[in-house]
Peer 1: 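Got a structure here, written out as structure tokens. Questions coming.
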Protein chains: 2
Amino acid sequence: MSKPGEADGLEVFGFFNEVGIINQLSTAILAKSLPDGVHPSHFSIINHLVRMGDGKSPIRIAAAMQVTKNTMTHSLKVLEERGFISVEPDPDDGRGKLVRLTEAGRAFREAAIRNVMARFGDVIEPEHRAIMARLMGDLVVLRKHLDENR
Amino acid sequence: MSKPGEADGLEVFGFFNEVGIINQLSTAILAKSLPDGVHPSHFSIINHLVRMGDGKSPIRIAAAMQVTKNTMTHSLKVLEERGFISVEPDPDDGRGKLVRLTEAGRAFREAAIRNVMARFGDVIEPEHRAIMARLMGDLVVLRKHLDENR
DNA sequence: CTAATATAGTACGATGTCGTACTAATCAAG
DNA sequence: CTTGATTAGTACGACATCGTACTATATTAG
């Protein structure tokens, strides 16, 4: 069953299919844990700014989030309207802007994290945490390779 | 570093994050391999009908694809306009419909598969195929658990 | 048989994301 | 310095997806 060529290709296909379904299901759980109007991608941006530090340009955030700068412009507009971030011109680059978290943004993240953890805790059992921990290393290798060769 | 509670939660979070990025990157590769106007989700529907057999109702396909029936109505409309499927009333259920693949749909799938395989072949090396094969079992366990507990 | 409930599918509007095109600012070449 | 090329961000339209509401048919309760 492991003939080279077509068979291997189908295995790759199946792998990406499983990954896609897991992503969809986990995103759905996350979405239900967030207040109305806050999309998982919005939460992801705030989370990234907390973990990696704010004061970054929209384009750098877009690259980290794997979305286009168009999408980032739109998402940042939403987050700014909600008062979770502030966007100001970059004093060192007339073209650029800098994104900073507000206190409301940090507070929102804390509350959301608690909420999400609780939901995940309801669904994910120790057995599955173990699987995740075991797979992480390989996933990171794959992700980096795909990221560098797109 | 492996204290129970918050730390474990963050590991779960990180896992889903990696999965999300891999999914996004692989979907992007797939999208580039398909002709204009054919979305990865459309391809996925055709692929599912070939593998699992056609003559299924939209709602069953929607469940299998992990999308709402709204989305399926829309996607099927696109596929029907392109001549890849035919949608007809279910003779046994006045509410239902049955989706069947056309010859054009099957031919499209064959061509698309070849195209996608070639793209994946350019990016994915034996080392990474090995990783995928190794992870598949665990991923299936996770996917099934999430699917049953959503 | 009739009424209440459930299910399949559609209609409509909202939103996230992307591609193309555009502006403004920076950088590099001469 | 000037010109051409690159980069940051925005504007606009297209599209996939979702949530809510609706219609039509099936199923179940009485």
Side-chain angles (χ1 to χ4, degrees), chain A residues 20-21 23-46 55-82 85-99 150, chain B residues 20-21 23-46 55-82 85-99 150:
Chain A
I21 296 177
N23 178 59
Q24 196 150 7
L25 294 171
S26 67
T27 303
I29 295 175
L30 174 55
K32 284 180 194 165
S33 314
L34 295 174
D36 260 16
V38 181
H39 196 266
S41 61
H42 301 152
F43 173 73
S44 192
I45 293 170
I46 294 181
K56 298 201 186 305
S57 70
I59 203 160
R60 282 190 61 188
I61 305 173
M65 302 284 98
Q66 313 282 353
V67 297
T68 66
K69 52 184 181 173
N70 298 304
T71 302
M72 192 50 55
T73 297
H74 178 253
S75 297
L76 293 179
K77 205 175 297 177
V78 173
L79 289 174
E80 198 174 19
E81 282 168 2
R82 296 203 163 242
I85 60 167
S86 68
V87 183
E88 296 171 23
D90 183 341
D92 297 339
D93 188 335
R95 302 165 301 181
K97 299 193 169 180
L98 294 181
V99 180
R150 56 180 156 156
Chain B
I21 295 177
N23 178 59
Q24 194 151 8
L25 294 171
S26 66
T27 303
I29 295 176
L30 174 55
K32 285 180 193 165
S33 313
L34 295 173
D36 261 14
V38 181
H39 196 267
S41 61
H42 301 152
F43 173 72
S44 191
I45 293 170
I46 294 181
K56 298 198 186 307
S57 72
I59 204 161
R60 282 190 61 188
I61 304 173
M65 301 283 98
Q66 312 282 352
V67 298
T68 65
K69 53 184 181 175
N70 297 305
T71 301
M72 192 50 56
T73 297
H74 178 252
S75 298
L76 293 179
K77 203 175 300 176
V78 173
L79 289 174
E80 198 174 18
E81 284 168 1
R82 293 199 166 247
I85 61 167
S86 68
V87 182
E88 297 171 24
D90 183 340
D92 297 337
D93 187 335
R95 303 166 300 179
K97 298 194 170 179
L98 294 181
V99 180
R150 57 179 155 155

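Computed from heavy atoms alone, side chains included, the values below leave out hydrogens, waters and symmetry copies. Each chain gets a letter, A, B and so on, in the order the sequences are listed, and its residues count up from 1. Computed from a predicted structure; not experimentally measured.
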Peer 1: Scan B:T73 against the nucleic acid and name what it touches under 4.0 Å (heavy atoms): base, sugar-phosphate only, or nothing.
Peer 2: base

Peer 1: What's the CG-C1' distance between A:L34 and D:dC18, to the nearest Å?
Peer 2: 15 Å

Peer 1: Touch check for B:H39, heavy atoms < 4.0 angstrom, all strands: base, sugar-phosphate only, or nothing?
Peer 2: sugar-phosphate

Peer 1: For B:L79 and D:dC15, what is the distance between atoms CG and C1' respectively, to the nearest whole Å?
Peer 2: 14 Å

Peer 1: Are any of A:H42's side-chain N or O atoms less than 4.0 Å away from OP1 or OP2 of C:dG16?
Peer 2: yes

Peer 1: So B:Q24 and A:N23, do their side chains get closer than 4.5 Å, heavy atoms only?
Peer 2: no

Peer 1: By nearest heavy atom, map B:K69 and B:S75 onto DNA chain D; which one lands nearer the 5' end?
Peer 2: B:S75

Peer 1: Nearest whole angstrom, please: distance from the P of C:dA8 to the CG of B:L98.
Peer 2: 13 Å

Peer 1: Does a nitrogen or oxygen in the side chain of A:T68 sit under 4.0 Å from OP1 or OP2 of C:dC18?
Peer 2: yes

Peer 1: Quick one: NE2 on B:H39 to OG1 on B:T27, what's the gap to the nearest 0.5 Å?
Peer 2: 8.5 Å

Peer 1: May I ask you to verify whether the side chain of A:R95 and the base of C:dT26 hold a donor-acceptor pair under 3.5 Å?
Peer 2: no

Peer 1: Measure across B:F43 and B:L34 and return the closest heavy-atom pair with its distance rounded to 0.1 Å.
Peer 2: CB-CD1, 3.8 Å

Peer 1: Could you state the CD1-P distance from A:I45 to C:dT17, rounded to the nearest angstrom?
Peer 2: 8 Å

Peer 1: So what does A:D90 hit on the nucleic acid, given a heavy-atom distance under 4.0 Å: a base, only sugar-phosphate, or nothing?
Peer 2: nothing

Peer 1: Are A:P58 and A:T73 close enough that some pair of their side-chain heavy atoms sits under 4.5 Å apart?
Peer 2: no

Peer 1: Please confirm whether the shortest side-chain N or O distance from B:K77 to OP1 or OP2 of C:dA11 is below 4.0 Å.
Peer 2: yes

Peer 1: Report the nucleotide, chosen from D:dA8, C:dG16, C:dG9, that has the shortest atom-to-atom distance to any side-chain atom of B:I59.
Peer 2: C:dG9

Peer 1: Measure distances between side-chain N and O atoms of A:N70 and base N and O atoms of C:dG19, and say whether any donor-acceptor pair falls under 3.5 Å.
Peer 2: yes

Peer 1: Between B:G96 and A:V67, who's closer to the 5' end of DNA chain C by nearest nucleotide?
Peer 2: B:G96

Peer 1: Within the 4.5 Å heavy-atom criterion, are B:S41 and B:M65 side-chain neighbours or not?
Peer 2: no

Peer 1: Figure out the CG/C1' separation between A:L76 and C:dT17, and round it to whole Å.
Peer 2: 14 Å

Peer 1: What's the closest nucleotide to the B:D93 side chain, out of C:dT26, C:dG16, D:dT25?
Peer 2: D:dT25

Peer 1: Roughly, in whole Å, what's the span from CD in A:E88 to C1' in D:dA8?
Peer 2: 17 Å

Peer 1: Nearest of D:dT17, C:dT10, D:dA8 to any side-chain atom of B:H74?
Peer 2: D:dT17

Peer 1: Report yes if at least one side-chain N or O of A:T71 is closer than 4.0 Å to OP1 or OP2 of C:dC18; otherwise report no.
Peer 2: yes

Peer 1: Whole Å only: how far is the CE atom of A:M72 from the P atom of D:dA11?
Peer 2: 16 Å

Peer 1: Any side-chain N or O of A:Q24 below 4.0 angstrom from OP1/OP2 of D:dA16?
Peer 2: no

Peer 1: Round to a whole Å and report the spacing from CG of B:N23 to C1' of C:dG16.
Peer 2: 15 Å

Peer 1: Flag the pair B:I59 / B:M72 as yes when at least one side-chain heavy-atom distance between them is below 4.5 Å, and no otherwise.
Peer 2: no

